[in-house]
Every structure is written in C-alpha cells, then in structure tokens.
Enquirer: 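Please read through the structure below; I'll follow up with questions.
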Amino acid sequence: MKQYVIRRILTSLVVLLGVSFLIYAMLRMMPGDFVEQMTSGNPTVTAEQKEKLRELYGLNKGIVEGYVQWLSDALRGDFGVSFTYQRPVTEVIGSKMWISFSLAASAFVIELLIAIPLGIAAARRQYSKRDYLIMFLALAGISLPSFFFAAVLQRIFAVGLGWLPLSGMVSAREDYTGFRLVLDIAYHFILPVTVFVITGIGGWLRYVRTNMLEVLNADYVRTARAKGLPESKVVGKHAFRNTLIPIITFIGGSIPGLFAGAIITEGIFAIDGLGKTALDAVNNKDFPFLMTYLMFMAVLTLLGTLISDILYGLADPRVRFR
Amino acid sequence: MDSADNKKIMSPGQLVLRRFLKNKLAIAGLVIICLSVVFCIVGPLFSPYGEYEIFYIDTNTGEEISMYDTEALKRPGVGVNVKAPISAKHWLGTDADGRDVFTRLMYGGQISLQFGVAVTLIELVIGVLLGAVAGYYGGVVDMIIMRLVEVFYCIPFLPMMLIVSAFMMTLGVRPEDKIYYLMIFMGIFNWAGVARMVRAQMLSIRETEYMYAAKAAGLSVARQIFKHMLPNAIPIIIVMATMDLGGFILTESTLTYLGVGLAFPYASLGNMVNAVNKSVIMRNYLNIWLPPGLFILAIVMAFNFIGDGLRDAFDPKK
C-alpha cells in the first residue's frame, strides 16, 4: 500500500512536469503581453523600463529558457507575483480558493443529500415511472447550460420577483459582522448554489443508481431476499452498505475539485472566488497567476484520482494494490 | 429449446435495436435530434430572411423594410427595427440589432451541430488510434501514451480554451478560420478519455482466443487492430461519442457566451443567449434570449438520452 502510494505520487510528478511545460508554452504563445497592456495608458514609461519589467517577469527569454527559470523558482516555492494584484500568486489563490470552496462545498453537500436517496429510489424500481422521472431530471440537469440557467434564475427570482439578490456576495452599504454577515452571504449564495446543485446533481444520481443496480443484482442480495428479510432490511442493510464503497471513493475523489472554482457561475453572480479571478486574469493576461492557477487545477485533479484510488483500497479489502 | 424454435432468431444487432427502441427517453432524444437537424439544415431554405439581414421600420407608415431595399431606406423616418415583438412576420421577434431571431436560431443550431460532430470526429480519430496502439502493444509504448493521457487529462479544459480563444482574438485570426482552430484545439484537449477507454477494451480483447488465432495466422498489426479488435470496441465508442457530442455543444455555447467562441459573422446559440447580459433584455425581451437557451438544452439533452439508451441497449446487464 505504502509502496503503491509512493509510486503513484512519483508518476504524478512526472505528469505534472509534462503539464507544466505544455501550459507554460501555451501561455507564452499568447500575444500582447501584460507589460504592453499595463503600460499602454502611460506614455511616460520608456522602452527601457518596459524591458526591465519583462526581465522581472521572465518574459524576455525563450520558451524553454523561461520554463527552466519558472520551474526552478517554483520548486523553491516562488510562483511569482500576480500582475494585477501585486501580491504573491500563492497568496491570492490561497485567499480566493476558500470563497470558491465554501460555495462549492455547500452545493456538494446538498447534492449528496438529494442524490443518494433519489438514486437508490430509482434503482429499486428499475424502468418504473419513478425511475424514468428521476433519470429524466438527472439528464436534464447535466444538459443545462449553466450560464443560461443562471440567467433564468436571475430573471425569475431577482429581477422578476425581487426575492433574492441579482449578484454579489454581500449587501452593499450594510456593514454586517459576525452571524449577520454569514446570513447575508448565505442569502447571496442561494442562486449560485442552486445552479451548482441542478447542473451537478445528475452525475451523482446516475452514479448512485448504477452502483445500486449492480449491488441489487448481486447474489448476496438474492440470498438476503430468499431468507425472507423484509425489503427495507435488504436494501438498507445489505445493499446500501455495499454501494457505500464506490460512493465514498467518489466523494473523496471529488473533494479536491471543490477548491477549483467555477468560472461561469462565479463570473455571472460576481462572486469573488478563484473562477472569477481566473476569468479576469485571462482578460488581463496575468501570466504568473494563470500559470499557477492552471497548475493548481492540475494538482487538484491528480490529487482527486489519487485519493479515490486509495480510498477504494481502504474501503474494499478485496482490492489489492500492485 | 422448443420455445426458441418458435421465435424468430435475432442477430445481436437486432437485439440491441429492439432494446434501444423500448427506451422511451432514447426515442424522444432521437426525435428531437431529427427535428433539430431538419430545422437547422432544411429550415433556412424556407426562411424568407438571411442570417445577417437587418430590418428597418418606417416610423411614419409602420412599414417594415429589409436592409437590401436600399431605395426605401433613404426615406425619412426610417430606423432599425430592434427588439420587435413576436409577430406573424417575425415568429420570435427581432434582436437588439434588428435581425430575425427565428432565422438566426436555425443558423445558430446548424453551426452548433456541425461543430459538435467535427470535434467528436477529431477526438475519436486521435483517441481511438492512440488507445488502440497503447492497448495492443503494451509495455513501454503503453506507458508513454498513458502518461500523455494523464497530462491531457489534467489540463483544466475550460480555462485553457478561454486562453486559446483569447489568444486567437488578439492574434487577429479571421472568425471564419477561428471555428476550425477551435474544433482542432477542442479535439486535442479531449482525446484522453477516449484513448483511456479504448485501451482498456483492447487489453481485454487482446487476451481472447480469436486474437491468438489472428496472430497465429500471421495477420498484419493494422489488420488485427482494425478488423478484429476495434469492431468489438465499437459499442463503447459509440456511446462515448454520443455523450461527448452533447458535451461539446455545451462547451462551445459556453465559450461563445463568454465572448471568445464563434463570433460574428456566425449566429451562434451561446452568442444569442449572451444578449441577456443587458438588463433591459433580460427583463423585457424573453423572446430574444430564452429560445436559444432552450434550444441548446434540447439538443444536449437529446444526445444524452440517446447515449444513455445506447449504453443500456448494448449492455443489458446493467
């Protein structure tokens, strides 16, 4: 097990190396660098000063050379200073990611609370009306364009009925503190969380249903039924516990992704998380931020698969790591 | 076995078809896709208006004038007929630039469908080829390809596409060409999933007896892969392609909504929904932004229904 984890981490590092070079090369190929953009409104900046700025940000070197410099800095924990925020990139990501996380995590919990019971309900009567309805809703949610759904919600609940705020995270001009502030943020989170839940729940519903169906067709469930156990016990005790293995694995694997931030939803609702910051960074060509952000996302993905693989082994003693 | 003699013997394909046709959601999906294709491909032939045709209105007489009617445009009191309400002439009204929404819906859907199909084909060509090679040879080849798969799997797709698109905008790539670049990039960033799955299939097919026979018979590698291995992986490939098709259409509309996807001169569904960012339109002109959004939803949902139905039909165990 230990050996397996160590080997997985080592291959992940190799993969990260490849990812970082690819991302670096692509970012460097973006024309119209930030230095031009930053200084375009300021005629007093000389060409010399611009060159100095480029040197400072490592933009004057070739791609390979620049990459080596970036890598050696990154290995020492120096990911550069964000052009737009004028703060270390790691600091910016570190502060923004918690906003994204609080939004994504609340949606995640709600998704699970709805998807697990509904998924099981669908699987218990496969091909019934209930099953069809639940799967229809799941697929409809997956297919919803989040930007469109967000607009519909805004139109109905913010513009039309005026019940909920259109966007933002806190009410302007109200300096709430403490518990009132938490309530205020929660109030602003209702619409974005709804978008997350509706567009994200379909995957979970499908996953729970498929796994439950598999377990319900297993021999031990037939045995449990054959010995005359009530259906509630068959499902609750014998079947559900076994579907928990893949569900826990999937939950564990999804947790890192909650930090990644949602570009569209955060952008539309003007929530100052990682996703919206990334969207702004694309427009501003904030090279150090984008580079680190993309790497951060890659690490989260790798971490997710690693965690789910390890949990799979922990939860299911039949799995042997090689 | 007596009962079996009475029944018509069905081929595996017929069995799959019968299971598929029993799935009501899948049939609904198929109907939606057929209708959409007819609407988007045949529709423009019957529409009296063009994709970029702008309509003007004579405020004195209330008469509507097309932008091609240059004589009438010179009359006094003629202005662009923007945000016209739903009428017999404009079934969904006109947009903020005075163009017919219903007609643009046809062209937008057309581009979305074409785009989705093209990206899926690119993804399949790369993914199937690399996956098959990795699964067939194994060893070092497999190791290298799988690391490459992991690299592409890790690259955050949406931010990367945003950057690529922004990059093309500043580079001044012509919008007519940009669509091809976007297709290729999107295909390149998405082959990893297909490759991974095809490889897994190949690994199990490789160990079957008929493959030992094929090898023993001295068939060439290409013949082994394309004639004997890939056909057995086709069900899974079809299911994945159908689901991805919907996903790509969704991504394309998202990029266009953000203003970095397909741009003028193309009408695109994401682009049409984008009008919602103006609060006046969001509040008062539902006919401009609601139909394209619902159209995207219908197309993507239909592909997902079909994919789901195919999966159940190919694999009756689950």
Side-chain angles (χ1 to χ4, degrees), chain A residues 11-12 14-19 21-23 26-27 29-32 127 132 135-136 138-140 142-152 154-155 159-160 166 202 206 210 213-214 217 260 262-264 267-268 275 278-279 281-283 285 290 293-294 296-302 305, chain B residues 22-25 28-29 143 146-156 158-160 162-167 170-172 243 246-247 249-250 253-254 257-258 260 269-270 273-274 276-277 279 282-283 286 289-290 292-294 296-305 307-308 312 317-318:
Chain A
T11 43
S12 298
V14 175
V15 169
L16 274 183
L17 208 66
V19 173
F21 181 71
L22 219 72
I23 294 176
M26 294 221 59
L27 285 182
M29 283 179 343
M30 271 209 295
Y127 300 132
Y132 265 118
M135 285 325 284
F136 171 78
L139 286 173
I142 294 177
S143 316
L144 252 180
S146 55
F147 58 92
F148 174 65
F149 186 49
V152 171
Q154 282 181 327
R155 171 67 181 80
V159 177
L166 189 66
R206 240 159 139 178
T210 313
L213 279 178
E214 206 158 300
N217 288 326
I263 292 184
I264 311 290
I268 291 177
L279 193 60
V282 172
N283 293 328
K285 311 238 163 35
L290 281 176
Y293 168 73
L294 292 173
F296 180 63
M297 301 269 283
V299 171
L300 290 180
T301 312
L302 282 172
T305 31
Chain B
K22 260 167 67 182
N23 189 330
K24 288 171 206 123
L25 284 183
M143 215 269 294
M146 284 323 281
R147 288 296 92 76
L148 211 61
V149 163
E150 277 173 60
V151 166
F152 275 92
Y153 185 72
C154 278
I155 293 179
L158 196 62
M160 213 60 210
L162 272 177
I163 293 168
V164 167
S165 300
F167 165 48
T170 31
L171 249 176
M243 298 268 188
I249 291 175
L250 203 57
S253 66
T254 307
Y257 169 81
L258 287 172
V260 291
L269 297 177
V273 179
N274 185 280
V276 81
N277 282 331
S279 58
M282 179 194 260
R283 184 188 295 267
L286 297 181
W289 62 273
L290 212 54
L294 292 175
I296 302 172
L297 173 63
I299 294 178
V300 178
M301 200 158 75
F303 278 123
N304 278 329
F305 285 161
D308 220 47
D312 284 350
K317 279 176 303 211
K318 277 180 185 169

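Naming: A, B, ... by sequence-line order, numbering from 1 per chain.
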Enquirer: Less than 4.5 Å to any heavy atom of chain B: does that hold for the side chain of A/Thr301, its backbone, both, or neither?
Expert: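 When you check distances to chain B, only side chain atoms of A/Thr301 fall under 4.5 Å.
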Enquirer: For B/Asn304, is there any backbone N or O sitting under 3.5 Å from a side-chain donor or acceptor partner on B/Asp308?
Expert: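 Side chain of B/Asp308 to backbone of B/Asn304, a donor-acceptor pair under 3.5 Å: no, none is there.
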Enquirer: Check each atom of B/Met243 against the heavy atoms of chain A and say whether the ones under 4.5 Å are side chain, backbone, both or neither.
Expert: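 When you check distances to chain A, only side chain atoms of B/Met243 fall under 4.5 Å.
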Enquirer: Let me know if A/Ile142 has heavy atoms under 4.5 Å from chain B in its side chain, its backbone, both or neither.
Expert: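 Contact with chain B: backbone and side chain both.
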Enquirer: Out of A/Phe148, A/Phe149, A/Phe147, which one pairs with B/Tyr257 under the ring-ring contact (aromatic ring centres under 6.0 Å, His included) rule?
Expert: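 The ring-ring contact (aromatic ring centres under 6.0 Å, His included) with B/Tyr257 is passed solely by A/Phe147 among A/Phe148, A/Phe149, A/Phe147.
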Enquirer: Between chain A and each of B/Thr254, B/Leu148, B/Ile249, B/Asn274, count heavy-atom pairs under 4.5 Å; write down the option with the most.
Expert: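 With the most close heavy-atom pairs to chain A, the winner is B/Thr254.
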Enquirer: Would you mind checking which part of A/Ala278 comes under 4.5 Å of any heavy atom in chain B, side chain (CB onward), backbone (N, CA, C, O), both or neither?
Expert: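 For A/Ala278, no heavy atom lies under 4.5 Å from chain B.
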Enquirer: Is it the side chain or the backbone of A/Leu144 that comes within 4.5 Å of chain B heavy atoms, both, or neither?
Expert: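 Both parts, backbone and side chain.
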Enquirer: Return yes when atom OH of B/Tyr153 has more than 12 non-hydrogen atoms of other residues, nucleotides or ligands closer than 6.0 Å, and no otherwise.
Expert: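 At most 12 heavy atoms, drawn from other residues, nucleotides or ligands, come within 6.0 Å of this atom.
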Enquirer: Return the CD1 to CG distance between B/Ile296 and B/Leu269, rounded to the nearest 0.5 Å.
Expert: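 Rounded to the nearest 0.5 Å, the CD1-CG separation comes to 5.0 Å.
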Enquirer: Chain B heavy atoms under 4.5 Å from A/Val299: which part of the residue, side chain, backbone, both or neither?
Expert: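 Contact with chain B is absent: no heavy atom of A/Val299 under 4.5 Å.
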Enquirer: When you look at B/Leu158 and A/Ile264, which way does the side-chain contact (heavy atoms from CB on, under 4.5 Å) test go after all the steps?
Expert: CA-CA 10 Å; B/Leu158 196 62; A/Ile264 311 290; 4.1 Å; yes
